[in-house]
Amino acid sequence: MNLKILILPGDGIGAEVTSAAVDVLKAVAKKFDHTLELSEGLLGGVAIHKTGTPFPKETEELCQKADATLMGAVGLPEFDAAPPSQRPEAGLLGMRRVLDVFANLRPVRTWPALVDSSPLKNHVVEGTDMIIVRELTGGLYYGQPRGIDENRGFNTMSYTRKEVERVTHTAFKLARNRRKKVCSVDKSNVLEVSQFWRKVVIDVAQQYPDIQLEHMLVDNAAMQMVLRPTQFDVMLTENTFGDILSDVGGILAGSIGMLPSASLGETKGLYEPVHGSAPDIAGQNKANPLGAIGSVAAMLEYTFGLMKEATAVNDAVGKVLESGKVTADLRPKGKPATTTEVGRAVSEAI
Ligand code: IPM
Ligand code: MN
């Protein structure tokens, strides 16, 4: 099979982790006899530097041409004071919107080898295996009106029926191949938009009588995730809540550097680790590449339907974790491994 993939390294540690992930892709292509058609583009702060805008037209064309896009990270401290529309992050948000990747799948699992890496007690995190389905192209991130002036700043959280329906279908379909449980997270004790969300989720659930549906308020959900994370199978939630709760997921997985994600729409797939650009360790070969590598596994599964290949990547990650060769964020007992060492070990294990 020919795999047409766009690589967008982005900012900070993005270049290092995507480079390791591309090596893993090459190892997969070699082993399973696929051809790779790779292209590379600019997104985020690097794109602002080189073109004046965080999501240049050329990048948009490149991602429309590719079957799937792998993004590293965006964000640079020098833009901290810039308005949202002129920040590196605006590039990523623009791309998500243009590709219409409305469902962001963020699996959170505690690998047996990483039980000690989490700051939470072992018996709490052991066996965690959940997936957060975060709505990605609506809510506060995109709502109008929005603005800032001398005496007021404001944003709008709004969802249409269609927006809630489509991501709800994604969550219920996923649950069918898992433990058949969906927990929808909202703030319906305060927000109209959440009451609407809950109502539409209940409507859609009628089509999935085999799936058990539960609702949880977002404040309680944050607490339950660290109290008893194994209760969750599929967690469905809107954009902002999903952003926040998936960082909590990083604590369950041992480090946010472990978390991969897949952003899916009707046609395109965008794959991005959950972590940010980590400017404090950028360029030092210290970043954990496993979030990016896990995102490659997700790409093989969801865009290309290559289950065997995806499993090979995940199994290789499992082996490397068992070997103890992990980066500093996972608090290894011995000397931490570098980004390149971990990447090479995964490629070799394939
Ligand atoms: C994430 C990130 C992004 C988001 C930022 C970089 C815009 O935090 O993917 O979780 O908020 O969606
Ligand atoms: Mn985030």
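All heavy atoms count here, side chains included; hydrogens, waters and symmetry mates do not. Small disclaimer: the values here were computed from a predicted structure and weren't measured. Numbers here simply count residues along the sequence, with the first being 1. When a ligand or atom number is given, it counts from 1 through the structure's own listing order.
- For atom 4 (C) of ligand 1, the closest non-hydrogen atom of the protein is Tyr141 OH, 3.5 Å.
- For the Mn ion (ligand 2), the set of protein N/O/S atoms nearer than 2.8 Å consists of Asp243 OD1, ordered by chain and number.
- Taking atom 2 (C) of ligand 1 as the reference point, the nearest protein heavy-atom neighbour is Asp243 OD1, 4.0 Å.
- Counting only distance, with no hydrogens or angles, the side chain of Thr339 and the backbone of Ala287 share a donor-acceptor pair below 3.5 Å.
- The aromatic rings of Phe79 and His49 lie tilted to each other, with the angle between the two planes from 30° to 60°.
- Under the 3.5 Å distance criterion, the side-chain polar atoms of Arg179 are left unmatched by any main-chain donor or acceptor of Val234.
- Around CG of Asp149, the count of heavy atoms belonging to other residues, nucleotides or ligands within 6.0 Å exceeds 12.
- Remark: Lys180 NZ is packed, more than 12 non-hydrogen atoms of other residues, nucleotides or ligands lying under 6.0 Å away.
- In this structure, Gln144 places its CD atom where more than 12 heavy-atom neighbours from other residues, nucleotides or ligands lie under 6.0 Å away.
- A heavy-atom distance below 4.5 Å is found between the side chains of Thr137 and Arg166.
- Two residues are said to be in side-chain contact when any heavy atoms from C-beta on lie closer than 4.5 Å; Phe55 and Leu92 fail this criterion.
- Using a 4.0 Å cut-off between heavy atoms, Arg134 contacts ligand 1 through its side chain alone, with no backbone atom that close.
- Within the 4.0 Å heavy-atom criterion, the part of Arg96 lying near ligand 1 is the side chain and not the backbone.
- Taking all heavy atoms of Arg106, Glu272, Glu89 into account, the minimum distance to atom 1 (C) of ligand 1 is reached by Arg106.
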